[in-house]
Colleague: 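Right, I'll just put the structure down here and ask away after.
Numbered from 1 within each chain, the chains take letters A, B, ... in sequence-line order.
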Number of protein chains: 2
Amino acid sequence: MAKKETKQKILDAAELLFAEQGFSDTSLRQITGDAGVNLASVNYHFGSKKDLIKAVMDRYLATFMPASDTALLHLLAQPSVTLHQVFNCFVAPLMQLANIHGQGPAIFLQLLGRGYIDNQGFLRWFIVNHYGQVLNNFTQAIKKAAPGLSSSDVFWRLHFTLGTVVFTMASSEALRDIAKTDFNENIDVEGLVRKMIPYLASGVGAKPIE
Amino acid sequence: MAKKETKQKILDAAELLFAEQGFSDTSLRQITGDAGVNLASVNYHFGSKKDLIKAVMDRYLATFMPASDTALLHLLAQPSVTLHQVFNCFVAPLMQLANIHGQGPAIFLQLLGRGYIDNQGFLRWFIVNHYGQVLNNFTQAIKKAAPGLSSSDVFWRLHFTLGTVVFTMASSEALRDIAKTDFNENIDVEGLVRKMIPYLASGVGAKPIE
DNA sequence: GTCTATAATGGGATAGAC
DNA sequence: GTCTATCCCATTATAGAC
């Protein structure tokens, strides 16, 4: 029982620090210090720092990916589809991550961005190998909503979209602070995600260069 | 004379490693090893690792920013403006960075993304304080091209755009490899930038949620 | 300006008592 | 399962001979 508690405390502290500072800039001493547990417990429970990173990521991926996949499959069964509907498939699964942690949605997207950029792409490998089918369904849905796009266009625009989302979320705290100061605008993560959707849908649906 | 050579060799080696691996994951030993110079020379010439990072960034910013500003000011003097024109202001200044290094355009954007995400925002501070006027003119141009957008919308969409660009460039090598394998598509950095512009222009110009 | 050698620090991981 | 103590390694930075 104390075992489970310690594991949870480590995961909770680690995800916050990883999201804020990145993986390399976060030490096990910081994590265990914040979590109030012993330094050696990370290696006891997770084996290594790298395995801890994977565990932190998978806690989110394991709930986010299946939920998104269900929504995408449901949408693909419809006779016609819009890009807004495609992107909306991810909103509820994302918001549902608040059950894992109050700031779960923001943390997850930050971690996703870190993992994609930081390391030698080991996270990209992990996602493609474990959740590749979700990406396929996402691509299918985009093609159905925007039949004029070539496969190559869809590929590129998916990555443009990923960039928009993860980069914005990685700096979301600072950006929301600025928005509050400069525009007197209080916006939460869900509001920010909804603000992105028209941008993403319009970008993905743009007429490509010939 | 040997002084200048060493400084250059360090900068050339450092920017490649920083762009590929990030700042924290690149050691001075790697840099001096690749550059073929002595370990201690970094501190002699630059003072510290942090100052080296700033020097690497500023070599690019010092040519990119004024050139972009000139193009933006020229555009702002026109009677009417489109979003495509606004984004095109950055293409020539970006491509011109090939004079600094063959892969200069890609390296610069990768560094920009790293600096924006990696550290405690010191790069954001640096850019805003040294090149804030360019950002202002960029904002002005967007507002002129898309008068329906509120200041807040412009603010957010600028950051969405920045995210798209730097994230794509940070993973551009891997993505271009995939495009070659899966779609038999040979694309260089300039081609990729031009592929992004319709996406960005359409995203920025999208009708915002009310 | 350049080099060797080394200081000073902080990192991940582990052995072994409890 | 947990803790202390420690090992071993890599890092940045610097002192001092050349």
Side-chain angles (χ1 to χ4, degrees), chain A residues 1-59 111 114-115 117-123 126, chain B residues 1-59 111 114-115 117-123 126:
Chain A
M1 48 179 164
K3 166 185 176 179
K4 196 173 180 184
E5 239 179 46
T6 297
K7 260 186 114 161
Q8 291 290 337
K9 279 197 262 184
I10 292 172
L11 285 172
D12 289 339
E15 65 178 23
L16 278 179
L17 290 166
F18 285 153
E20 276 173 27
Q21 309 177 336
F23 303 118
S24 300
D25 290 344
T26 300
S27 70
L28 296 182
R29 283 174 169 79
Q30 262 186 296
I31 294 170
T32 52
D34 281 17
V37 304
N38 189 271
L39 171 61
S41 58
V42 170
N43 281 298
Y44 177 80
H45 286 291
F46 296 94
S48 70
K49 184 179 177 179
K50 194 168 177 175
D51 287 325
L52 172 61
I53 296 174
K54 279 197 263 193
V56 166
M57 286 302 310
D58 209 43
R59 187 159 65 143
L111 291 172
R114 300 271 180 208
I117 296 189
D118 260 37
N119 271 272
Q120 311 83 356
F122 95 90
L123 181 66
F126 183 77
Chain B
M1 47 181 165
K3 166 186 175 177
K4 198 174 181 185
E5 239 180 46
T6 297
K7 260 186 113 160
Q8 291 290 337
K9 280 197 263 184
I10 292 173
L11 285 171
D12 289 340
E15 66 179 21
L16 278 179
L17 290 166
F18 285 154
E20 277 173 26
Q21 309 177 336
F23 303 120
S24 300
D25 289 345
T26 300
S27 69
L28 296 182
R29 281 177 166 77
Q30 265 186 293
I31 294 170
T32 52
D34 282 16
V37 303
N38 189 271
L39 171 62
S41 58
V42 170
N43 281 297
Y44 177 79
H45 286 291
F46 296 94
S48 70
K49 184 180 178 178
K50 193 167 177 177
D51 287 325
L52 171 61
I53 295 174
K54 278 197 263 193
V56 165
M57 287 302 312
D58 208 42
R59 188 158 65 142
L111 290 172
R114 299 270 180 208
I117 297 189
D118 260 37
N119 272 271
Q120 310 83 354
F122 95 90
L123 181 67
F126 183 77

Colleague: Using a heavy-atom cut-off of under 4.0 Å over every strand shown, decide if B:Thr26 touches base, sugar-phosphate, or nothing.
Modeller: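 Contact class for B:Thr26: sugar-phosphate only.
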
Colleague: Between A:Arg29 and A:Val37, who's closer to the 5' end of DNA chain D by nearest nucleotide?
Modeller: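 Nearest-nucleotide comparison on DNA chain D picks A:Val37.
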
Colleague: Which whole-number value in Å describes the distance from A:Leu17 CG to C:dG12 P?
Modeller: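 So the CG-P distance, A:Leu17 to C:dG12, works out to 12 Å.
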
Colleague: For the side chain of B:Thr6, starting at C-beta, report the closest nucleotide among D:dT11, D:dA13, C:dT2.
Modeller: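 That would be C:dT2.
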
Colleague: Just compare C:dA13, D:dA13, D:dC3 and give me whichever is closest to any side-chain atom of A:Asn43.
Modeller: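 It is C:dA13.
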
Colleague: Taking the minimum atom-to-atom distance to the side chain of A:Lys49, which one of C:dG12, D:dT14, C:dG1 wins?
Modeller: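 Of C:dG12, D:dT14, C:dG1, C:dG12 is nearest to the side chain of A:Lys49.
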
Colleague: Please examine the side chains of B:Arg59 and B:Gln8, heavy atoms only from C-beta on, and report whether any two atoms are closer than 4.5 Å.
Modeller: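 They are in contact (side-chain heavy atoms under 4.5 Å apart), so the answer is yes.
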
Colleague: Is B:Leu11 close to B:Leu52 at the side-chain level, that is, under 4.5 Å between some pair of heavy atoms?
Modeller: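 They are in contact (side-chain heavy atoms under 4.5 Å apart), so the answer is yes.
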
Colleague: Grab the CD1-C1' distance between A:Ile31 and C:dG10 for me, whole Å please.
Modeller: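 Value for this atom pair: 15 Å.
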
Colleague: Indicate whether OP1 or OP2 belonging to D:dT2 is found under 4.0 Å from a side-chain N or O atom of A:Ser41.
Modeller: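 Checking A:Ser41 against D:dT2: no side-chain N or O falls below 4.0 Å of OP1 or OP2.
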
Colleague: Over how many whole Å does the gap from B:Tyr44 atom OH to D:dT14 atom P extend?
Modeller: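 About 14 Å, once rounded to whole Å.
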
Colleague: Can a side-chain donor-acceptor contact be found between A:Ser48 and A:Asp51 if the only test is distance below 3.5 angstrom?
Modeller: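 Yes, A:Ser48 and A:Asp51 have a side-chain donor paired with an acceptor closer than 3.5 Å.
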
Colleague: Does C:dG1 have OP1 or OP2 under 4.0 Å away from a side-chain N or O of B:Asn38?
Modeller: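 No, no such contact exists.
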
Colleague: Find out whether B:Lys7 and B:Phe46 are in side-chain contact, i.e. whether some heavy atom of one side chain is under 4.5 Å from a heavy atom of the other.
Modeller: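 In short, these two side chains touch, coming nearer than 4.5 Å.
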
Colleague: In whole Å, I'd like the distance from the CG atom of B:Asp25 to the P atom of C:dG12.
Modeller: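 So the CG-P distance, B:Asp25 to C:dG12, works out to 12 Å.
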
Colleague: Let's see if you can work this out: which of C:dA15, C:dC3, C:dG12 has an atom nearest to the side-chain heavy atoms of A:Ala40?
Modeller: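 Per side-chain heavy atoms of A:Ala40, the pick is C:dA15.
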
Colleague: How long is the line joining CG of B:Leu52 and C1' of D:dT11, in whole Å?
Modeller: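 One finds 15 Å between C1' of D:dT11 and CG of B:Leu52, rounded.
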
Colleague: Separation of A:Gln21 atom CD from C:dG10 atom P, in whole Å?
Modeller: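 Value for this atom pair: 15 Å.
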
Colleague: Starting from P on D:dT6, measure out to CG on A:Leu39 and report it in whole angstrom.
Modeller: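 In whole Å, D:dT6 P and A:Leu39 CG are 15 Å from each other.
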
Colleague: Find out whether B:Lys50 and B:Phe23 are in side-chain contact, i.e. whether some heavy atom of one side chain is under 4.5 Å from a heavy atom of the other.
Modeller: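 Heavy-atom side-chain distance check fails, nothing below 4.5 Å.
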
Colleague: Nearest whole Å is fine: how far is C:dA13 P from A:His45 NE2?
Modeller: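 Going from A:His45 (NE2) to C:dA13 (P), I get 15 Å.
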
Colleague: For D:dT11, take OP1 and OP2 only and decide whether either is under 4.0 Å from a side-chain N or O of B:Ser27.
Modeller: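 Yes.
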
